[in-house]
Amino acid sequence: MELDSLTALELGRKIRQRQISVLDGVKNVFSQIEKKEGKVHAYLDLYKKEAFARAKQVEKGIADGVYTGPLAGVPIAVKDNICVKGKKTTCASRILGNFVPQYNAEVIDRLDKAGMIIVGKTNMDEFAMGSTTETSAFGITRNPWNTDHVPGGSSGGSCAAVAAGETYMALGSDTGGSIRQPSSFCGVTGLKPTYGMVSRYGLVAYASSLDQIGPVGKDVADCAALLEVIGGHDPKDSTSVDRGKLDFSGDMTDKIVGMKFGVPREYLSEGLDEDVKAVFMNTLRTLTGMGAIVEFFSVKTMDYMIPAYYIIASAEASSNLERFDGVKYGYRSDSYEGLHDMYKKTRTEGFGEEVKRRIMLGSFVLSSGYYDAYYLKALKTKALIKQEFDRAFQDYDVILAPAAPYTAPRIGESLKDPLAMYLGDVYTVAVNLCGLPGITVPCGMDRNGLPVGIQMIGDCFMESKILRAAHAYETMRDSQGVLCGRDDTGLALQRSRG
Amino acid sequence: MSKKIDNEIIENVCILAKLSLSDEEKEQAREDMQKMLDYVEKLEELDTDGVEPLSHIFGDQNVFREDEVTNGDAREAMLLNAPKAREGQYQVPKTIG
């Protein structure tokens with residue numbers, strides 16, 4: 001049996017039917033890791049011994065009826081900004097290089113209760129600030145489809161691990177596109193849930209009004225199943241919302257006849273790569289062919305999304321990252337004179353360039369004399385962006401957009417010009433500013449064989465709609481045999497489809 | 001014209017952000033910030049008169065709970081992460097002269 005080609009739900013089903021043991025699934029993941037990790041470097045830490053022990057425990061738990069869910073026994077990787085008790089959680093930063101949390105993030109407790117098996121922690125941009133996973137203090141991750149290219153970011157390790165079959169699924173986090181953009185670059189499926197859908201207790205904060213944890217998987221059904229596991233109210237995160245029992249899997253029919261899709265006309269203007277545009281337009285035709293209604297509409301605030309996002313995200317980052325001062329945890333400089341010098345040296349030596357850049361920008365836009373002109377102006381802009389999306393959702397069930405203006409850049413290209421890198425987030429940041437759910441689904445590839453993803457965006461708490469649309473599209477895509485990446489490396493997982 | 005970022009502003013930002021940069025790094029930071037502010041200046045075109053700033057997407061109401069201790073004493077465990085600790089306390093450089 002080809003274990004690699006199974007989705008997480010397929011693996012879970014075979015485990016319950018006793019066709020595959022839990023240990024076999026875990027072994028498969030570690031044999032893939034052994035084969036590929038040297039070239040991909042998706043992980044910062046691996047829990048091989050613990051995962052094997054846990055597999056036996058889960059095997060028994062399934063037999064005893066303790067674990068009854070569809071993902072029981074399924075291996076999962078976790079982005080390294082999510083706390084796992086007793087295990088290093090570094091955020092890919094030197095300043096947290098030796099930090100070992102004394103508690104689990106709420107999502108980790110929920111994975112445990114579902115009988116899932118954590119295999120390790122994945123690489124990321126330092127503190128989730130970056131779009132390529134190149135700002136990690138612990139080395140870059142490579143795109144499994146072509147190792148000369150980045151996996152995207154900031155959840156690049158999670159997406160590369162799924163793409164390479166080094167895990168069945170993964171958790172990422174998304175503040176401005178950090179799940180949806182690397183999912184597009186790596187040819188996997190990734191969902192950023194509605195703000196408040198998933199508890200952020202134990203997620204190291206970047207920009208608290210924007211951050212959400214979400215699933216990365218091989219297909220839409222896997223993401224839906226994982227969201228059911230991690231979603232829901234948690235008293236420990238007062239921004240998490242009680243939506244009752246979550247059931248997305250039940251909604252996933254293939255019927256999207258009459259469903260209304262809106263495409264922001266401005267998104268297809270300048271800056272969009274030709275190949276990405278062609279694949280995107282082709283996907284629109286596929287949806288129309290399935291009986292969906294696809295229309296263009298105008299988003300007048302498009303040019304203001306990135307400015308508003310980077311002001312707000314940097315402002316919140318500068319405040320959230322004040323806590324790293326070398327006193328209670330993490331790195332402390334070796335030599336200093338007095339308390340303030342200790343703070344300064346610790347932070348200067350502990351943070352990488354991109355993090356410092358954003359902390360400084362954030363400190364500036366919040367500082368006396370500039371607060372109104374920058375921060376407050378950005379919050380007002382956010383209100384106008386939200387109004388535009390609110391209006392759009394009166395007309396459309398789902399908004400469609402490319403996940404990124406281009407496919408995965410070559411390694412070493414993006415960090416030369418930070419502003420140019422920020423502009424690459426143009427299609428993803430509004431979703432965070434407005435708290436909306438968005439999913440990226442692979443929909444084709446460019447001339448070089450690099451994956452292209454389409455983003456489906458829903459109104460707040462309308463995850464079921466985007467999951468249904470994404471699932472229906474995915475089914476059609478596979479029946480048409482659309483290729484979503486050309487594997488020249490032997491590292492990426494080609495799922496036998498259809 | 002967007003705000004001109006001079007050395008004084010960078011010095012002030014370094015104090016606020018608790019960072020100590022070399023002269024070379026300061027110059028780079030100044031250039032980076034200038035470039036970013038020149039770009040975000042775009043927001044000035046947008047008419048936001050009468051628009052309420054939006055911070056929390058679902059309206060900000062307080063979430064209350066009973067003030068009950070639910071976690072146990074974790075002093076020892078917490079101190080394991082401290083760069084320096086002594087007698088059950090975090091140890092910091094001398095703060096009073």
Side-chain angles (χ1 to χ4, degrees), chain A residues 98-100 102 195-196 209 235 238-239 241 301 303-304 306-308 310-311 318 322 325-332 336-345 347-348 351 356-357 359-364 366-367 370 373-374 376-384 386 418-419 434-435 460, chain B residues 2-3 5 9-10 12-22 25 28-30 32-33 35-58 62-65 70-71 74 76-85 90-95 97:
Chain A
N98 58 4
F99 174 61
V100 179
Q102 302 302 318
Y195 187 76
S209 76
S238 60
T239 62
V241 178
T301 52
D303 288 347
Y304 311 107
I306 298 270
Y310 274 95
I311 290 172
S318 74
E322 279 285 286
D325 57 6
V327 174
K328 295 189 278 305
Y329 40 72
Y331 173 79
R332 181 189 288 191
Y336 44 82
E337 283 167 41
L339 187 68
H340 284 278
D341 193 45
M342 189 278 279
Y343 290 152
K344 280 186 156 190
K345 288 220 167 91
R347 291 165 61 82
T348 305
F351 291 135
K356 280 187 246 189
R357 196 176 287 125
I359 290 177
M360 291 180 75
L361 179 67
S363 301
F364 174 74
L366 290 177
S367 66
Y370 305 105
Y374 293 101
L376 219 53
K377 182 77 183 182
L379 290 185
K380 289 178 181 176
T381 306
K382 174 180 165 177
L384 292 178
K386 173 95 166 57
L419 180 56
C434 302
C460 288
Chain B
S2 70
K3 178 72 198 167
I5 301 298
I9 290 179
I10 291 294
N12 186 39
V13 163
C14 283
I15 293 170
L16 292 171
K18 295 190 181 66
L19 294 170
S20 59
L21 304 185
S22 68
E25 288 167 327
Q28 186 61 49
R30 198 191 60 72
D32 288 346
M33 197 179 293
K35 210 172 159 192
M36 193 61 188
L37 292 180
D38 288 346
Y39 170 65
V40 302
E41 185 191 17
K42 224 179 164 26
L43 291 184
E44 283 175 29
E45 304 165 7
L46 195 62
D47 182 6
T48 51
D49 279 353
V51 178
E52 279 294 308
L54 179 65
S55 50
H56 196 283
I57 212 85
F58 302 127
N62 230 334
V63 178
F64 292 99
R65 62 164 170 77
T70 52
N71 52 345
E76 292 303 317
M78 302 297 278
L79 282 172
L80 286 177
N81 270 310
K84 278 195 175 177
Y90 295 115
Q91 193 181 356
V92 295
K94 194 170 172 186
T95 53

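The figures here come from the full heavy-atom set of this structure, side chains too, leaving out hydrogens, waters and symmetry mates. Since we're looking at a predicted model, the values are computed, not measured. Chain letters run A, B, ... following the sequence lines, proteins first, then strands; residues in each count from 1.
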Report which part of A:I311 has an atom under 4.5 Å of a heavy atom belonging to chain B: side chain, backbone, both, or neither. side chain
Portion of A:L339 that has a non-hydrogen atom of chain B nearer than 4.5 angstrom: both
Spacing of B:I9 atom CD1 and A:M360 atom CE [to the nearest 0.5 Å]: 11.0 Å
Side chains of A:F364 and B:L16: closer than 4.5 Å at any heavy-atom pair? no
Is a side-chain donor or acceptor of A:S363 paired with a backbone partner of B:V13 at a separation under 3.5 angstrom? no
Highest number of heavy-atom pairs under 4.5 Å with chain A among B:Q28, B:E45, B:R65 belongs to B:E45
B:A77 versus chain A, the contacting section by heavy-atom distance below 4.5 Å: both
Within-4.5 Å side-chain heavy-atom neighbours: B:T95 and A:H340: no
Backbone N/O of B:L46 and side chain of A:K377: donor-acceptor pair under 3.5 Å: yes
More than 12 heavy atoms of other groups within 6.0 Å of A:E337 CD: no
Taken to the nearest 0.5 Å, the spacing of B:C14 SG from A:K356 NZ works out to 10.0 Å
I need the A:I306 CD1 to B:K42 NZ distance, nearest 0.5 Å. 12.0 Å
Can you check whether A:Y329 reaches B:M78 side chain to side chain, under 4.5 Å on heavy atoms? no
The interface call for B:D47 against chain A, heavy-atom contacts under 4.5 Å, is backbone
Side chain from CB out, backbone as N, CA, C, O: work out which of these in A:S238 comes under 4.5 Å of a heavy atom of chain B, or both, or neither. both
Would the distance check show the side chain of A:R347 and the main-chain N or O of B:K18 forming a donor-acceptor pair, the cut-off being under 3.5 Å? yes
Bottom line for B:L79: the part with an atom under 4.5 Å from chain A's heavy atoms is neither
Side chain / backbone / both / neither for B:V40 at chain A, heavy atoms under 4.5 Å: both
